[in-house]
Amino acid sequence: MADRPHPPEVDRAAASRRAVEARRERAALKKDVAMRVISPQELLRRALADPESAAGAMRVTDFLTAIPAIGENKRDRILADLDISPVKRLGGLGSRQRLALQQFLDARLPEPQPRAGRSRLLVLAGPTAVGKGTVAAHIRDNHPEIMLSVSATTRAPRPGEVDGEHYYFVDDAEFDRLIAEGELLEWATVHNRHRYGTPKAPIEAALAAGRTVLLEIDLQGARQVRAAAPDATLVFLLPPSWDELVDRLVGRGTEDAEERARRLRTARVELASQGEFDYRVVNDTVARAADEVAALAD
Ligand SMILES: Nc1nc2c(ncn2[C@@H]2O[C@H](COP(=O)(O)OP(=O)(O)O)[C@@H](O)[C@H]2O)c(=O)[nH]1
Ligand SMILES: Nc1ncnc2c1ncn2[C@@H]1O[C@H](COP(=O)(O)OP(=O)(O)O)[C@@H](O)[C@H]1O
């Protein structure tokens with residue numbers, strides 16, 4: 001039964017389904033590069049590691065125009081300069097062409113390298129719904145050596161949230177006082193709504209005691225920490241793909257469609273700022289991502 005040949009129409013239908021799926025995968029990868037969820041270098045590495053993969057099957061023309069700020073004219077000039085035919089697929093590049101493309105990408109879009117002399121103050125930021133809260137909670141529960149900072153906020157507690165554990169829930173007057181007295185390391189209005197800030201004293205005490213401290217804060221806060229404590233270690237959490245980020249936001253079910261669209265527009269801008277961070281960690285599975293973040297303080 002199993003080795004009897006299929007009638008040709010069955011083979012054709014299967015081949016056409018595979019072709020549609022392959023096109024969908026290539027389109028998703030292009031989007032990931034365009035949204036900066038994966039770097040062009042990473043996509044090229046995947047293509048070269050497996051020429052049969054969706055990355056390997058991507059045309060070099062599609063690859064280049066997926067990169068932000070490369071349009072069709074620039075693409076054609078680049079291909080001519082690198083002596084690569086526009087009909088080539090990434091997986092089919094010759095070794096000289098690969099090297100030329102890699103060197104071009106490294107020169108034009110250098111991947112950020114961690115700076116030396118990082119401190120034990122770890123800042124975890126990233127776009128909405130990437131899983132910052134989930135990864136931070138996993139670290140709190142599984143890495144007792146790391147202190148998770150508890151922020152002050154003017155938003156109301158949600159059911160099940162405990163004052164002093166999830167947040168310090170304060171009113172506007174108290175938040176004003178914390179700012180005025182210089183008690184916050186950083187603070188920001190997040191998602192245009194409520195104010196959130198990091199109390200300074202517990203962090204200074206924990207760092208002085210030799211502990212690692214983790215802040216799970218938004219991008220504006222991360223930038224303020226960098227300014228106030230230049231040796232802090234900044235970690236940017238990335239989704240495995242743009243589509244997965246959208247699925248997580250929808251799956252969480254805490255925002256309506258209009259708010260989700262607004263957050264995704266912000267997410268796109270935030271992803272463009274990942275180069276300001278020392279490390280990028282992909283939140284593929286919670287435990288793996290949490291362990292990778294925790295290890296950065298070693
Ligand atoms: N700048 C700053 N951002 C914070 C702080 N605490 C939490 N955030 C950010 O505030 C956002 C909202 O957090 P939360 O109220 O738990 O709501 P959710 O993200 O909708 O679940 C998240 O992006 C957090 O990273 C803080 O102390 N400072
Ligand atoms: N590694 C993961 N795999 C699958 N789902 C995840 C993962 N990390 C987080 N999630 C889910 O994604 C949604 C957003 O996570 P959350 O921690 O609230 O994000 P953030 O704090 O970055 O806004 C939640 O429903 C969470 O359960």
Side-chain angles (χ1 to χ4, degrees), residues 37 121-142 147-170 174-175 178-179 183-203 213-229 232 234-256 259-260 262-264 266-267 269-271 273-274 277 280-293:
V37 168
L121 179 56
L122 279 184
V123 176
L124 184 65
T128 187
V130 66
K132 299 179 295 294
T134 307
V135 168
H138 192 278
I139 292 174
R140 184 192 56 213
D141 296 343
N142 294 278
M147 184 192 98
L148 183 59
S149 160
V150 179
S151 298
T153 181
T154 57
R155 88 149 159 76
R158 294 176 183 152
E161 285 184 332
V162 178
D163 188 41
E165 188 182 315
H166 297 95
Y167 283 103
Y168 295 105
F169 295 100
V170 301
E174 173 63 4
F175 205 93
L178 292 172
I179 298 170
E183 290 185 23
L184 299 179
L185 174 64
E186 60 75 37
W187 69 272
T189 302
V190 179
H191 300 313
N192 282 329
R193 292 249 284 284
H194 303 292
R195 290 184 291 174
Y196 295 79
T198 305
K200 204 187 281 176
I203 292 176
V213 176
L214 180 68
L215 313 185
E216 187 258 285
I217 60 178
D218 86 321
L219 180 69
Q220 313 164 68
R223 288 184 172 137
Q224 292 177 47
V225 174
R226 160 119 315 153
L234 266 56
V235 186
F236 195 89
L237 199 61
L238 281 166
S241 69
W242 176 263
D243 290 345
E244 174 68 18
L245 182 71
V246 176
D247 286 352
R248 286 184 190 172
L249 182 60
V250 173
R252 186 169 65 182
T254 43
E255 289 82 19
D256 62 21
E259 177 64 16
R260 285 202 300 268
R262 205 174 61 75
R263 289 192 180 204
L264 288 173
T266 307
V269 176
E270 291 181 345
L271 282 161
S273 69
Q274 62 185 275
F277 285 69
R280 287 166 299 171
V281 170
V282 178
N283 180 17
D284 39 17
T285 70
V286 176
R288 199 210 60 76
D291 288 348
E292 190 178 338
V293 172

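Numbers here are sequence positions counted from 1. Only heavy atoms go into these numbers, but all of them, side chains included; no hydrogens, no water, no symmetry mates. Counting starts at 1 for both ligands and their atoms, following the listed order.
- Here is the list of ligand 2 atoms found below 4.0 Å of a heavy atom in Ala129: 14 (C), 19 (O), 20 (P), 22 (O), 23 (O).
- Nearest heavy atom pair, residue Lys132 against residue Leu124, reads O-CD2, 4.0 Å.
- Nearest protein heavy-atom neighbour of atom 1 (N) of ligand 2: Asn283 OD1, 2.9 Å.
- Contact record, Arg263 with Glu255: NH1-OE2, 3.2 Å, taken as the closest heavy-atom pair.
- For atom 21 (O) of ligand 2, the nearest protein heavy atom (residue, atom name, distance) is Gly133 N, 2.8 Å.
- For ligand 2, the atoms sitting less than 4.0 Å from at least one non-hydrogen atom of Thr285 are 1 (N), numbered in the order shown with element in parentheses.
- To the nearest 0.5 Å, atom CH2 of residue Trp187 and atom CD of residue Gln220 are 9.0 Å apart.
- Between Thr134 and ligand 2, a contact under 3.5 Å exists for at least one N or O pair.
- Here the protein heavy atom with the shortest distance to atom 19 (O) of ligand 2 is Gly131 N, 3.1 Å.
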Within the protein, flag every N or O under 3.5 Å from an N or O of ligand 1, and note the pair and distance.
from: ligand 1; atom 1: 1 (N); to: Glu186; atom 2: OE1; distance (Å): 2.8
from: ligand 1; atom 1: 1 (N); to: Asp218; atom 2: OD1; distance (Å): 2.8
from: ligand 1; atom 1: 3 (N); to: Asp218; atom 2: N; distance (Å): 3.1
from: ligand 1; atom 1: 6 (N); to: Ser151; atom 2: OG; distance (Å): 3.1
from: ligand 1; atom 1: 13 (O); to: Tyr167; atom 2: OH; distance (Å): 3.3
from: ligand 1; atom 1: 15 (O); to: Arg155; atom 2: NE; distance (Å): 2.7
from: ligand 1; atom 1: 15 (O); to: Arg155; atom 2: NH2; distance (Å): 3.2
from: ligand 1; atom 1: 15 (O); to: Tyr196; atom 2: OH; distance (Å): 2.5
from: ligand 1; atom 1: 16 (O); to: Arg155; atom 2: NH2; distance (Å): 3.3
from: ligand 1; atom 1: 16 (O); to: Tyr167; atom 2: OH; distance (Å): 2.8
from: ligand 1; atom 1: 17 (O); to: Arg158; atom 2: NH2; distance (Å): 3.3
from: ligand 1; atom 1: 20 (O); to: Arg158; atom 2: NH2; distance (Å): 3.4
from: ligand 1; atom 1: 21 (O); to: Arg158; atom 2: NH1; distance (Å): 3.4
from: ligand 1; atom 1: 25 (O); to: Glu216; atom 2: OE2; distance (Å): 2.6
from: ligand 1; atom 1: 27 (O); to: Ser151; atom 2: OG; distance (Å): 2.7
from: ligand 1; atom 1: 27 (O); to: Glu186; atom 2: OE2; distance (Å): 3.3
from: ligand 1; atom 1: 27 (O); to: Gly197; atom 2: N; distance (Å): 3.4
from: ligand 1; atom 1: 27 (O); to: Gly197; atom 2: O; distance (Å): 3.2
from: ligand 1; atom 1: 27 (O); to: Thr198; atom 2: OG1; distance (Å): 3.3
from: ligand 1; atom 1: 28 (N); to: Glu186; atom 2: OE1; distance (Å): 3.4
from: ligand 1; atom 1: 28 (N); to: Glu186; atom 2: OE2; distance (Å): 2.7

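- Arg248 NE, 3.6 Å is the protein heavy atom nearest to atom 6 (C) of ligand 2.
- When all heavy atoms of Leu215 and Ser149 are compared, the closest pair comes out as CD2-CB, 3.3 Å.
- Smallest separation of non-hydrogen atoms from Val37 and Pro239: CG1-O, 3.3 Å.
- No salt bridge links Arg260 with Asp256; every basic N to acidic carboxylate O contact stays at or beyond 4.0 Å.
- For the residue pair Thr153 / Arg155, no side-chain donor-acceptor distance below 3.5 Å is found, with atom types taken as modelled.
- Shown in contact with Asp284 at under 4.0 Å from a heavy atom are these atoms of ligand 2, numbered in order with element: 1 (N), 2 (C), 3 (N).
- Of the protein's non-hydrogen atoms, Lys132 N, 3.5 Å is the one closest to atom 20 (P) of ligand 2.
- What sits closest to atom 18 (O) of ligand 2 on the protein, heavy atoms only, is Arg252 NH1, 2.9 Å.
- Under the 3.5 Å distance criterion, the side-chain polar atoms of Asp163 are matched with a main-chain donor or acceptor of Phe169.
- Residue-to-ligand polar distances keep Thr128 apart from ligand 2: every N/O pair is separated by 3.5 Å or more.
- Of all non-hydrogen atoms in Asp218 and Ala188, the two that sit nearest each other are OD1-CB, 3.9 Å.
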